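Basis for what follows: all heavy atoms, side chains included, without hydrogens, waters or symmetry-related copies. Sequence positions, counted from 1, serve as the residue numbers for this chain. These numbers were taken from a predicted model, which means no experiment stands behind them. Each ligand, and each atom within it, is numbered from 1 in the order the structure gives.
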Amino acid sequence: MSDIYDFNGKNYCVVTYGCQMNLHESEKISGILDNMGMSAVQSPEAADVVVFNTCCIRDTAERRALGNIGKMKELKKKNKNLLVVVTGCMTQQNGFAENLKERYQYVDVILGTHNISDLENKLREKVARKKRIASVLDTDGYIDDETTPVTRTSFPNAWVNINYGCNNFCTYCIVPYVRGRERSRTPESIIAECEKLIKDGYKEITLLGQNVNSYGNDFGDPDVNFSDLLRSVAEIEGKFRIRFMTSHPKDFTSDVVKAIKSSDKICNNIHLPVQAGSNSVLKNMNRRYTREHYMSLIDMIRDEIPDAGITTDIMVGFPYETEDDFQDTLDLVRRVRFSTAFTFIYSVRKGTKAADMPQIPYEIKQDRIKRLIALQNEITEELSKAYLGNTYEVLIEGTNEKKKGFVSGRTESGRLVSAPGDENLIGQFVNIRIDKCKNAQLTGEII
Ligand code: SAH
Ligand code: SF4
Ligand code: F3S
């Protein structure tokens, strides 16, 4: 290595774990590295800089990341100049960065979630001073969305942050600890970004926040709120779709449903995590709504938008959850009939309130998740049959990785559909008539 290490012309690889928010942050990491003159490669083996953008929502997410970071030890023996960076939610946990620095000697730079925009400086500092760096801030950071370069990887969709952080402190959740308090971007900044994206040819915008419904609350101005933001984005000219996630049942209002109805661009697809169907579990989780309130929201959505696709997140095995509580969850799932549900086994997160509650044996958790998944699969399959013979407008997102010669995309309500076609169709709206269904998978013909 020469005295002055030149990043220009080198290769990088970003390995991402976790939610859409993290996917989008990886696009900003890529933007920063591209700006330094580097090029993206798909595998760590071909890279000079590997960045792990980590997640710690569950133990499994953390172990997967640590396992792959561990593999860098061997890679570094082969390539002495390899630089390994670890950032994201995992490193932001209390005491984690110091521990990682000590135990993983081959990790060169550790950054938290609040100073990712410092990546270039820290990389240059590392090579100039030949010293490993761990830099994690306690104060809420702010990614400057106006100036941070972004290399988007999800065309025809574009992710757009509307608020960062979370104030809700659900007792199981690590996010408020690793992402800080809720901070909203200004409507002007969000709309300007969306206008540019549509001009650049993106066909779908997904607005992101841990709780989109509390967007703007930190401004204290009633005119800045989520449903008005939706309406403003929908006023941008052009044919495109608007999606958003995640909605929180305690803050979700009928005004959002009215906004969806007011514009063809805003998709009738609502991700509304319920977590549990039992009031006592919801209370222990500090979710601040009841089962009855949740059901009333579902009724309201279905009254106004009968064909809305409603999806959810559900957790089983939370502390104190009895078989009766679990039956309440199954009952709610039967009543709502979600189009799809993301199901999780509760995982203890150090530093959260629920970590100090009495834990349920793993076998019980496993038995419950199996029963929950079986029920939801049954429902998804029944709902799939209703699509047969009908035609839907689909935005083609990509080629189908599992089925050669097929492309896939989503209906407005969010259901994944595939049909014969090639990559020239990516980014196009087409009409697909559904003629086959297997479990959650819908297949058809472009007409
Ligand atoms: N802000 C969103 C999503 C948070 S994380 C919301 O409020 O819904 C995504 C999902 O992960 C959550 O909805 C929850 O179902 C799950 N999750 C969060 N913490 C978890 C934990 N400790 N164990 C298991 N699942 C968890
Ligand atoms: Fe976690 Fe609850 Fe915040 Fe969602 S709303 S990020 S589940 S604390
Ligand atoms: Fe997302 Fe995981 Fe962090 S779900 S916010 S990347 S803990």
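In this structure, a donor-acceptor pair under 3.5 Å is present between the side chains of Asn279 and Glu292. Between the side chains of Asp313 and His271, at least one donor N or O lies within less than 3.5 Å of an accepting N or O.
Applying the 4.0 Å criterion to heavy atoms of Cys19 picks out, from ligand 3, the atoms 1 (Fe), 4 (S), 5 (S), 6 (S).
The closest non-hydrogen atom to atom 5 (S) of ligand 3, taken over Met21, Gln210, Arg349, comes from Gln210.
In terms of N/O distances under 3.5 Å, ligand 1 is not approached by Tyr346.
With a cut-off of 2.8 Å, atom 3 (Fe) of ligand 2 has no N, O or S atom of Cys170 in range.
For atom 2 (Fe) of ligand 3, the closest heavy atom belonging to the protein is Cys55 SG, 2.4 Å. When hydrogens are left out, the protein atom nearest atom 5 (S) of ligand 2 is Asn168 ND2, 3.4 Å; that is the closest non-hydrogen contact. In this structure, atom 1 (Fe) of ligand 2 lies nearest to the protein heavy atom Cys173 SG, 2.3 Å.
Not a single heavy atom of Thr352 sits closer than 4.0 Å to an atom of ligand 1. Heavy atoms of Arg287 come nearer than 4.0 angstrom to ligand 2 in at least one pair. At least one heavy atom of Ile57 sits closer than 4.0 Å to an atom of ligand 1. Residue Val175 places no heavy atom under 4.0 Å from ligand 1.
When non-hydrogen atoms are compared, ligand 1 lies under 4.0 Å from the side chain of Arg287 (C-beta onward) but not from its backbone. When heavy-atom distances to ligand 3 are checked against a 4.0 Å cut-off, Cys89 comes that close only through its side chain, counted from C-beta outward. Neither the backbone nor the side chain of Pro273 has any atom closer than 4.0 Å to an atom of ligand 2 (non-hydrogen atoms only).
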